[in-house]
Amino acid sequence: MGEVTQSLAKTLLDLALDIAKSTSELLVDKRPVDMKVESKSSPVDLVTEMDKAAERHIVQRIKEVRPNDSFLGEEGTAQAPENPSNVRWIIDPIDGTVNYFYNHPYWAISIGIEIDGEIQAGVVAAPLLHETFYAHKNGGSFVLHDQKLMQLKANSGTKIEKALIGTGFGYDVEIRKKQGAVLHEMVAIARDVRRAGAASLDFCYVAAGRLDAYYEFGLYPWDFAAGSIIASEAGARVGGIDQKPIGEKWSLCSNADLFDELDVLITSLKNKYF
Ligand code: IPD
């Protein structure tokens, strides 16, 4: 990566950190007691009025200073300006909407920054956990917990039997049944399994060594854009399974030593159940 791109990534990361802060305030301070909620792709796939308000806020703040950037947002923002720059923002205003709806603290604002078609920086902010994870390419990965800044380092050297594995489920009931079948086998092999409810944060937990790995079928770019750079800058390996790229149906984020072993296992479970 050239110096110009690296310096742009750093500048945009600072902007994303500032926007994540104001969005956190919006989502925490203005959280309505009686929240308006609608279903999206299925009855269990929720979007709240606050998902929409937060995405509007993020896009508006970016456009004030970067009018020629493009967007891909979970709540529908996919704007390409007339003279597009080489920057695209990939946004999930609330990753973990179901948790946010229930006031369960495991949700996050996820902002990924793509430059020339490659994710170069990202922020995942979890206001109720008092944590903001961030990284830019070749700059390391960090978490700010209240006022304390720590560099992140993924685990190494674990075997599946000694690994704590995270996963998640999509919203389509037929897919969920298959994900359940895979989980049924995984839980008998791994040390244990967690389903916390916000994929972007799960990637950050792999980065922080709080999980050894995370896998899921059916993630979208806004679920993993920011988390993937945070995890890889912490030394984790991020990709798809069965030699496919991330997001082409399967996503795997793992401590680097464990990746291949999990790839083989999940590929065999995919072939059995999907
Ligand atoms: C969801 C969460 C969840 C994952 C789902 C995602 P959303 O995002 O990240 O943990 O399992 O696949 O769709 O809908 O809350 O933004």
Side-chain angles (χ1 to χ4, degrees), residues 20 23-24 27 31 35 37-59 71-78 89-112 122-129 131 133 165-183 186 193-207 210-211 213-228 230-231 238 240-241 246-253 266 270 274:
T23 312
S24 298
L27 289 171
R31 185 178 191 281
M35 206 175 326
V37 64
E38 294 162 30
S39 297
K40 290 201 292 184
S41 63
S42 81
V44 291
D45 184 7
L46 304 183
V47 56
T48 71
E49 59 187 297
M50 296 309 283
D51 291 78
K52 294 178 183 171
E55 187 160 306
R56 275 198 306 273
H57 172 80
I58 295 167
V59 171
F71 295 92
L72 178 65
E74 182 178 15
E75 304 319 332
T77 307
W89 299 77
I90 304 179
I91 300 159
D92 193 343
I94 306 178
D95 182 34
T97 299
V98 174
N99 284 347
Y100 181 77
F101 182 63
Y102 281 84
N103 214 4
H104 180 307
Y106 198 87
W107 57 267
I109 299 142
S110 176
I111 305 177
V123 174
V124 174
L128 297 187
L129 303 175
E131 291 194 311
F133 299 86
I165 312 273
T167 192
F169 311 123
Y171 295 112
D172 179 297
V173 69
E174 291 309 317
I175 301 285
R176 280 188 168 203
K177 286 180 190 166
K178 295 176 185 177
Q179 288 173 316
V182 171
L183 175 68
M186 186 62 82
V193 178
R194 299 284 179 268
R195 193 291 194 250
S200 62
L201 266 178
D202 295 320
F203 275 64
C204 296
Y205 272 41
V206 174
R210 300 173 191 172
L211 288 174
Y214 181 81
Y215 74 92
E216 188 172 337
F217 174 90
L219 288 182
Y220 291 96
W222 47 78
D223 294 315
F224 62 75
S228 63
I230 292 165
V238 176
I241 62 160
I246 186 167
E248 272 197 21
K249 304 205 170 147
W250 291 87
S251 303
L252 176 59
C253 171
I266 297 168
K270 167 197 79 140
F274 275 76

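Numbering of ligands and ligand atoms starts at 1, following listing order. In this text the structure is predicted, and so the values were computed from the model without any measurement.
Salt-bridge annotation for Glu174 and Lys177: present, with a side-chain N of the basic residue lying under 4.0 Å from a carboxylate O of the acidic one.
Between Trp250 and Tyr215, the angle of the ring planes stays under 30°, which puts this pair in the parallel group of the 30/60° scheme.
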Got a list of side-chain donor-acceptor pairs under 3.5 Å for residues 193-204, not counting sequence neighbours?
from, atom 1, to, atom 2, distance (Å)
Arg194, NH1, Asp192, OD2, 3.3
Arg195, NH2, Phe169, O, 3.3
Ser200, OG, Asp95, OD2, 2.7
Asp202, OD1, Tyr106, OH, 2.7

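The closest side-chain heavy-atom distance from Val182 to Phe274 is below 4.5 Å. Side-chain contact between Arg31 and Tyr100 is present, with at least one heavy-atom pair separated by less than 4.5 Å.
Contact residues of ligand 1 (protein heavy atom closer than 4.0 angstrom to a ligand atom; sorted by chain and number): Glu74, Asp92, Ile94, Asp95, Gly96, Thr97, Gly168, Phe169, Tyr171, Arg195, Gly197, Ala198, Ala199, Glu216, Leu219, Asp223.
With hydrogens and angles disregarded, a donor-acceptor distance shorter than 3.5 Å links the side chain of Ser42 to the backbone of Tyr171.
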